[in-house]
Amino acid sequence: MSTPTYQQRKEAARQKAIDWQHEDGDYPYSYGGLAIIGEYFYKLGKRFGLLREFRENGIPC
């Protein structure tokens with residue numbers, strides 16, 4: 001099995017954000033929970049150059 005490419009990992013990160021957006025309304029996050037999620041998406045977005053896209057689409061980061 002080969003290692004995923006950078007582009008595949010970037011697309012997976014984008015898909016995680018999309019999935020989170022779809023389930024966001026289904027779960028009542030606390031402020032602390034949102035801070036943890038925001039930190040996670042910030043690191044993910046920074047690693048793959050997706051911060052601007054995440055912010056434009058309402059992903060906490």
Side-chain angles (χ1 to χ4, degrees):
M1 184 182 245
S2 63
T3 307
T5 64
Y6 176 83
Q7 283 303 110
Q8 290 170 326
R9 292 189 324 260
K10 182 176 182 176
E11 188 55 39
R14 184 179 280 125
Q15 190 59 48
K16 280 184 185 183
I18 291 168
D19 292 344
W20 181 84
Q21 272 187 315
H22 288 288
E23 68 182 36
D24 177 39
D26 298 337
Y27 186 79
Y29 292 102
S30 66
Y31 288 117
L34 284 173
I36 291 168
I37 290 168
E39 184 178 340
Y40 172 76
F41 281 118
Y42 176 80
K43 288 179 181 179
L44 202 59
K46 189 166 177 82
R47 178 178 296 146
F48 294 109
L50 295 169
L51 283 177
R52 182 183 210 173
E53 182 177 335
F54 283 0
R55 288 180 181 139
E56 288 174 353
N57 290 299
I59 304 296
C61 55

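For this chain, numbers begin at 1 and follow the sequence in order. Just so we're clear, the structure is a prediction, and the values are computed from it rather than from any experiment.
Checked against salt bridge (Lys or Arg N to Asp or Glu O under 4.0 Å), K43 has the following partners two or more places apart in sequence or in another chain: E39.
Separating the OH atom in Y40 from the NZ atom in K16 is a distance of 3.0 Å, to the nearest 0.5 Å. Separating the CH2 atom in W20 from the CD1 atom in I37 is a distance of 5.5 Å, to the nearest 0.5 Å. Atoms SG and CG, on C61 and L50 in that order, are 9.5 Å from each other to the nearest 0.5 Å. Annotation: the span from F41 atom CZ to L34 atom CG amounts to 11.0 Å, rounded to 0.5 Å. Remark: N57 CG to R52 CZ distance equals 12.0 Å, nearest 0.5 Å.
Ring planes of Y6 and F48: tilted class, angle from 30 to 60°.
Between E11 and Q8 there is no side-chain heavy-atom pair separated by less than 4.5 Å.
Heavy atoms only, all atoms of each residue included: R9 and P4 are closest at NH1-O, 3.1 Å. Contact between I59 and A17 at its shortest, heavy atoms only, is CD1-O, 3.5 Å.
The other members of the hydrophobic cluster of Y42, by chain and number, are L51 (side-chain heavy atoms under 4.5 Å, ILVMFWY only).
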